[in-house]
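Everything below concerns the one structure shown next.
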Amino acid sequence: MKHFRPYEFDCSCGCGKGHKDMNKDLLTKLDAARGYADVPFIISSAFRCRKHNSNVGGSKTSSHIKGLAVDIFCPSSSDRFDMLQGLMVAGFKRIGAGPTYLHCDVDPDKTQNCMWVYK
């Protein structure tokens, strides 16, 4: 990958799981999206082991536990716009917007062509 280092995708609890468990299609699309957006993508959450997912209040069906999702920190509205545009051009079909982050995933078991807002 051109724009990321493997450790950025590791579970933040220190369990040792992470970048090797990430979906290759997700990583390819994410790297392309970063290039299209032309702004830094700071990964705030990627792979989560089940214990860490539970500790952070993640859904039991979270795409993070399958290595199919990442959350990207958005420091400003203009960066959010550029990131969103990059994600869509790269082919992401599932995007969530939180107050300070964007979630994207490639989970084939969930509804496609959708965007939602976290409260």
* Short side-chain to backbone donor-acceptor contact, Gln112 and Val106, under 3.5 Å -> no
* Asked: Can the ring centres of Tyr101 and Tyr118 be said to be less than 6.0 Å apart?
  -> yes
* Asked: Atom OH of Tyr7 and atom OG of Ser12: how far apart are they, to the nearest 0.5 Å?
  -> 14.5 Å
* Look up atom NE2 in His52 and atom SG in Cys13, then write down how far apart they are to the nearest 0.5 Å. => 6.5 Å
* Could you tell me whether the side chain of Ser54 and the main chain of Arg50 form a donor-acceptor pair under 3.5 Å? => no
* Do any N or O atoms from the side chain of Gln85 and from the backbone of Asp82 form a donor-acceptor pair under 3.5 angstrom? -> no
* Asked: Are His3 and Asp31 close enough that a side-chain donor and a side-chain acceptor fall under 3.5 Å?
  -> no
* **Within-4.5 Å side-chain heavy-atom neighbours: Val70 and Ser45** => no
* Asked: To the nearest 0.5 Å, what is the distance between CZ (Arg48) and CG (Asp10)?
  -> 14.5 Å
* Can you tell me how far CZ of Phe9 sits from CG of Asp21, rounded to the nearest 0.5 angstrom? -> 12.5 Å
* **Residues, nucleotides or ligands: over 12 heavy atoms within 6.0 Å of Lys110 NZ** => yes
* Asked: Does any non-hydrogen side-chain atom of Ile65 lie less than 4.5 Å from one of Lys60?
  -> no
* Asked: How are the rings of His64 and His103 set to each other: parallel, tilted or perpendicular (split at 30° and 60°)?
  -> perpendicular
* To do: Drop me the distance from Arg34's CZ to Phe41's CZ, to the nearest 0.5 angstrom.
  => 7.0 Å
* Ignoring hydrogens and geometry, is there a side-chain-to-backbone donor-acceptor pair from Asp105 to Ser63 under 3.5 Å? -> no
* To do: With the side chain counted from C-beta on, respond yes when Ile72 and Leu30 share a heavy-atom pair under 4.5 Å apart, and no when they do not.
  => yes
* To do: Inspect the contact between Lys66 and Asp109 and indicate whether a charged nitrogen and a carboxylate oxygen are less than 4.0 angstrom apart.
  => yes
* Asked: Looking only at heavy atoms, what is the nearest atom pair of Ala69 and Met22, with distance?
  -> O-CE, 3.8 Å
* Asked: Tell me, do Asp71 and Cys104 make a side-chain contact under 4.5 Å, heavy atoms counted?
  -> no
* Asked: So, the side chain of Arg94 versus the backbone of Thr111: is there a donor-acceptor pair under 3.5 Å, distance only?
  -> yes
* Does Leu102 offer a backbone N or O that forms a donor-acceptor pair with the side chain of Arg80 under 3.5 Å? -> no
* **Verify same cluster id: Phe4, Val39 (apolar side-chain graph, 4.5 Å)** => yes
